[in-house]
Protein chains: 2
Amino acid sequence: MEPHEPDLTAVPVTSVLAALADDVRLQIVRALAEGGESACGSFDFGVSKATRSHHLKVLREAGLTRTRAAGTSRLVRLRRDELDQLYPGLLDAVLTQRPPA
Amino acid sequence: MEPHEPDLTAVPVTSVLAALADDVRLQIVRALAEGGESACGSFDFGVSKATRSHHLKVLREAGLTRTRAAGTSRLVRLRRDELDQLYPGLLDAVLTQRPPA
DNA sequence: GGTGTTGTTCGATTATTGTCGAACAAGGGT
DNA sequence: ACCCTTGTTCGACAATAATCGAACAACACC
């Protein structure tokens, strides 16, 4: 099966924003921004592995991440360069952790 | 009734993103960015006035807009300065019109 | 006071999305 | 070959969100 990693310019901006507009997915994106390429299993944010897989699919299909197989794991990474080029400032704006309240 | 215009720092970034992750609302935000303060009725994007009022409420409660009464109309404006300060690059990234496909 | 304009709110419907457990698939050991 | 690990996919269900028409409220104007 094709990995469904679309050309970023073909993804409507609302889809990109919607992908980022979820707490679990935002935590995944932040972890990727900090830790670089990581296995799916490393994102344990209190949801089941089915749900985690779903969120990673949403991120991938919104053009935010790329995935490659590595043994029994799959390694995910942020498409940061492409994102920064097409939407300069977006990731930076979203990634910086805010004061708690 | 209070207008429910929250302090931007009190709004979770996921709510800001979710507010922008809708086609109708994005059109409203773009119109506001271009045209400045406008009456609610000026945003005719193919939805009923009830739906339009709903979307304006979402934008307002996400901290993206401010509304003031003016006669029988209500004038809406973007909270651009605050947004640019708290999320530099976000609006710019989202507002620029992409090539059609 | 009545009428028209402009929005909001209510209740209902529909569509979308998040969540899970269970079943399945692919690899890597041993 | 067997098992364990790692993810994905498949229903199903719950929660959220978009949409509308109709009723309501506030205001201006005649």
Side-chain angles (χ1 to χ4, degrees), chain A residues 1-6 11-32 35 37-77, chain B residues 1-6 11-32 35 37-77:
Chain A
M1 178 191 307
E2 326 91 74
H4 282 136
E5 288 178 357
V11 178
V13 63
T14 47
S15 299
V16 176
L17 293 168
L20 292 170
D22 176 276
D23 200 55
V24 175
R25 288 194 292 267
L26 201 47
Q27 292 184 71
I28 293 177
V29 169
R30 283 179 175 141
L32 284 172
E37 198 175 43
S38 316
C40 300
S42 67
F43 311 113
D44 187 0
F45 297 117
V47 295
S48 73
K49 61 178 180 174
T51 301
R52 176 173 55 224
S53 190
H54 162 71
H55 285 309
L56 288 167
K57 185 181 184 181
V58 172
L59 289 172
R60 178 171 11 100
E61 294 184 347
L64 292 171
T65 59
R66 289 196 191 277
T67 306
R68 65 186 179 96
T72 123
S73 296
R74 278 159 188 265
L75 296 182
V76 185
R77 66 181 189 282
Chain B
M1 179 194 305
E2 327 92 72
H4 283 136
E5 289 179 358
V11 178
V13 63
T14 47
S15 298
V16 176
L17 293 168
L20 292 170
D22 177 276
D23 202 54
V24 175
R25 287 194 293 266
L26 201 46
Q27 292 184 72
I28 294 176
V29 169
R30 281 179 175 142
L32 285 172
E37 197 175 42
S38 316
C40 301
S42 66
F43 311 112
D44 186 1
F45 297 117
V47 296
S48 72
K49 63 178 178 174
T51 301
R52 175 174 55 226
S53 190
H54 161 71
H55 285 308
L56 288 167
K57 184 181 184 182
V58 172
L59 289 172
R60 179 172 8 103
E61 293 184 347
L64 292 170
T65 59
R66 289 196 191 277
T67 305
R68 67 187 178 95
T72 123
S73 296
R74 277 158 189 265
L75 297 182
V76 184
R77 66 183 189 281

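Quick note: numbers below take in every heavy atom, side chains included, and nothing from hydrogens, waters or symmetry partners. Every chain is numbered from 1 and lettered A, B, ... according to where its sequence line falls, protein lines coming before strand lines.
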Roughly, in whole Å, what's the span from [atom1] in [X] to [atom2] in [N]?
X       : N      : atom1 : atom2 : answer
B:Leu17 : D:dA17 : CG    : P     : 14 Å
A:Ile28 : D:dG7  : CD1   : P     : 12 Å
B:Arg68 : C:dT6  : CZ    : C1'   : 16 Å
B:Lys57 : D:dA17 : NZ    : P     : 12 Å
A:Arg74 : D:dT8  : CZ    : C1'   : 7 Å
A:Leu59 : D:dT8  : CG    : P     : 12 Å
A:Leu56 : D:dT6  : CG    : P     : 15 Å
A:Glu61 : D:dT9  : CD    : C1'   : 13 Å

How long is the straight-line distance from [atom2] of [Y] back to [atom1] of [X], given to the nearest 0.5 Å?
X       : Y       : atom1 : atom2 : value
B:Lys49 : B:Thr51 : NZ    : OG1   : 11.5 Å
B:His55 : B:Leu26 : NE2   : CG    : 11.5 Å
A:Thr65 : A:Glu5  : OG1   : CD    : 6.5 Å

**Report entry** Distance below 4.0 Å between B:Thr72 side-chain N/O and C:dG7 OP1 or OP2
**Finding:**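 Answer is no, no contact under 4.0 Å.
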Query - Phosphate contact (C:dG7 OP1 or OP2) by B:Ser73 side-chain N/O below 4.0 Å - result: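 Yes.
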[Y] side chain reached by [X] side chain, heavy atoms, under 4.5 Å:
X       : Y       : answer
B:Phe43 : B:Leu32 : yes
B:Leu59 : B:Val29 : yes
B:Leu64 : B:Val11 : no

Report task. Let me have a per-nucleotide readout for nucleotides 16-21 of chain C, 5' to 3', with B, S or -, counting only protein heavy atoms under 4.0 Å. Result -> --SBBB
Query raised in the report: Which is true for B:Ser53 with a 4.0 Å heavy-atom rule: it touches a base, it touches only sugar-phosphate, or it touches nothing?
Result: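 The residue B:Ser53 makes base contact.
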Requested in this report: Examine distances only and state if a side-chain atom of B:Arg25 and a backbone atom of B:Ala19 form a donor-acceptor pair shorter than 3.5 Å.
Outcome: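 Yes: the side chain of B:Arg25 pairs with the backbone of B:Ala19.
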